[in-house]
Amino acid sequence: MTQVCATVEEDGTVLRLVEPGRPDTRFHAIWLRDNAPDPATRDPGNGQRLITLGDIPEDIRLTAAHAGTDAITCTFAPEGKTVAFDPAWLRAHAYDRPRDRTPGHLPPGAETWDSTLNANVPGGDMRALQSDPAALRDWLAAVRRFGFARVTGMEPRPGGLFDIVDLFGHVRETNYGRHFEVRTEVNPTNLAYTGLGLQAHTDNPYRDPVPTLQILACLENSASGGENMVVDGFAAARRLRDDDPEGFDLLAGHPARFAYEGSAGIALHSRRPVIELAPDGQLQAIRFNARSAAPVTDVPFADMPAWYAACRRLGDIVDDPAMQVTFKLAPGEAFIVDNTRVLHARKGYSGEGHRWLQGCYADKDGLLSKLAVLEAGT
Ligand code: FE2
């Protein structure tokens, strides 16, 4: 193991770790004290923090630091407290490093895609997902990477879609119910329930927070047409950024409005941007749904025509076949989408035969939690 050298700098407010072959890494005394792993600071059982920032003296500083082979020990004043840090943990949590602040940079683990992914659509077999943790881990990782994945080998029975949610989390119930039926209806309450083709969209942008996952499972599909199509919203946003940086900034920089009042007793409204970025520019979410668009009133007068032009351009990108992955679900097949990222669509279908899908919502935090647990176990 290479020897780490620890020095205290800046009047005790900074720790510098010097390791041969690596860039130096600095930590602030306040950060180290705040993240101390000792049992008086963090509960050894559940890992939750037992103190608040108010319990840490404002003038906290380091009086000594020593790098041993398996611990960096730091002594803090005025508390007179000595804490041992795991060097590998410190390395994994280093913040003294260059970082990507490019508007539209991707979240960790995400990878953009286009129609070339048609040759290799991510998916998993239900029996394997239910019985083999490695298969489930790989399928969940595909959802994190691509924002969608198929499921095959299900029994085509009503409610079978809940077996998918049971793999990682819980159903998000809405005013549409615990699940919803997607098939032709007379007097539909939502255009999703007709045979019309639908432009690629994210679901329910009028909710805040939006459902972060959607599952659609097929029970019957003998109608002609009715293929499902998905588009990577992050890829579309980045293409807009590269083609039209000002348009990207407008869609990211102003709230749009979305609404749904299509059923009695329901009045859902949200005020969120079409392209949502984290404060450091990382892509957080896409909201794109023409059916749910409400009058936009938060874009400055002078910018409104350009905002509309940017929306139109993003729609043209979404409609570009080069962005689209298409598949037709057979009974017993399903797919899951990250509804904060991947747009989904349905091609039109005829009245001949039957098309019956069931859909439900769930949330991504549970999926990523299950994935993290499975990855930690390997
Ligand atoms: Fe939808």
Side-chain angles (χ1 to χ4, degrees), residues 121-140 142-143 146-198 203-204 211-230 263 325-339 342 344-364 366-367 370-371 374:
V121 173
D125 175 78
M126 188 49 140
R127 280 153 299 205
L129 297 177
Q130 287 175 322
S131 61
D132 178 2
L136 179 58
R137 178 201 61 207
D138 293 347
W139 182 80
L140 296 171
V143 179
F146 299 115
F148 82 104
R150 291 183 67 173
V151 180
T152 53
M154 296 169 62
E155 203 187 316
R157 59 175 168 77
L161 76 175
F162 298 132
D163 294 346
I164 297 176
V165 182
D166 287 342
L167 294 170
F168 60 80
H170 305 278
V171 169
R172 162 96 81 97
E173 198 165 345
T174 72
N175 56 292
Y176 298 127
R178 186 167 151 77
H179 81 281
F180 44 90
E181 309 287 343
V182 185
R183 54 182 164 187
T184 305
E185 284 183 7
V186 182
N187 299 323
T189 54
N190 189 305
L191 285 179
Y193 305 149
T194 71
L196 298 172
L198 295 173
D203 258 35
N204 292 197
T212 47
L213 294 170
Q214 181 181 185
I215 291 122
L216 281 169
C218 178
L219 292 149
E220 291 180 67
N221 205 1
S222 58
S224 60
E227 293 91 353
N228 286 98
M229 184 261 278
V230 286
S263 309
V325 166
T326 303
F327 47 84
K328 183 163 183 173
L329 295 180
E333 296 183 347
F335 72 104
I336 184 169
V337 286
D338 176 346
N339 190 50
V342 170
H344 61 279
R346 178 191 66 209
K347 308 248 167 144
Y349 60 98
S350 72
E352 304 294 318
H354 299 280
R355 185 177 188 271
W356 179 21
L357 273 59
Q358 288 187 325
C360 72
Y361 299 115
D363 280 311
K364 207 168 55 167
L367 185 149
K370 182 71 180 182
L371 176 56
L374 289 170

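This chain uses plain numbering: 1 for the first residue, then up along the sequence. Atom set for the values below is all heavy atoms of this structure, side chains included, hydrogens, waters and symmetry mates excluded. Note that the coordinates shown come from a computational prediction; the quantities given were computed from them, not determined experimentally.
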Quick one: does [X]'s side chain have a donor or acceptor within less than 3.5 Å of a partner on [Y]'s backbone?
| X | Y | result |
| --- | --- | --- |
| Thr326 | Met229 | no |
| Arg355 | Gly226 | yes |
| Gln358 | Gly159 | yes |
| Asp363 | Thr212 | yes |
| Trp139 | Pro122 | no |

Where do [X] and [Y] come nearest, in terms of heavy atoms and distance?
| X | Y | value |
| --- | --- | --- |
| Ala128 | Ala135 | O-CB, 3.8 Å |
| Val165 | Cys360 | CG2-SG, 3.7 Å |
| Gly153 | Asp125 | CA-OD1, 3.7 Å |
| Phe162 | His179 | CZ-CB, 3.7 Å |
| Val342 | Gly147 | CG2-O, 3.4 Å |
| Ala217 | Ala334 | CA-CB, 3.7 Å |

Flag the pair [X] / [Y] as yes when at least one side-chain heavy-atom distance between them is below 4.5 Å, and no otherwise.
| X | Y | value |
| --- | --- | --- |
| Cys218 | Leu357 | yes |
| Val121 | Val230 | no |
| Ile164 | Met154 | yes |
| Trp356 | Pro156 | no |

Side chain to side chain contact (heavy atoms under 4.5 Å, CB included) assessment of Val325 paired with Phe146: CA-CA 12 Å; Val325 166; Phe146 299 115; over 6 Å; no
To the closest 0.5 Å, what do you measure between [atom1] ([X]) and [atom2] ([Y])?
| X | Y | atom1 | atom2 | result |
| --- | --- | --- | --- | --- |
| Thr152 | Arg127 | OG1 | CZ | 7.5 Å |
| Asn339 | Leu213 | CG | CG | 8.0 Å |
| Asp163 | Glu155 | CG | CD | 8.5 Å |
| Leu129 | Arg137 | CG | CZ | 12.5 Å |
| Leu329 | Arg346 | CG | CZ | 12.0 Å |
| Glu227 | Lys347 | CD | NZ | 6.0 Å |

Could you walk me through whether Asn221 and Glu333 pass the side chain to side chain contact (heavy atoms under 4.5 Å, CB included) test, one step at a time? CA-CA 10 Å; Asn221 205 1; Glu333 296 183 347; over 6 Å; no
Asn204 and Tyr176: side-chain donor and acceptor closer than 3.5 Å? no
How about Arg157: does its CZ atom have over 12 heavy atoms from other parts shown lying under 6.0 Å from it? yes
Take Asp203 and Val337 through the side chain to side chain contact (heavy atoms under 4.5 Å, CB included) test and state the conclusion after the steps. CA-CA 10 Å; Asp203 258 35; Val337 286; over 6 Å; no
Parallel, tilted or perpendicular: which fits the ring planes of Phe148 and Phe327, with parallel below 30° and perpendicular above 60°?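 Taking Phe327 first and then Phe148, their aromatic rings lie parallel (interplane angle under 30°).
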Step by step, would you call His344 with Asn228 a side chain to side chain contact (heavy atoms under 4.5 Å, CB included)? CA-CA 7 Å; His344 61 279; Asn228 286 98; 5.9 Å; no
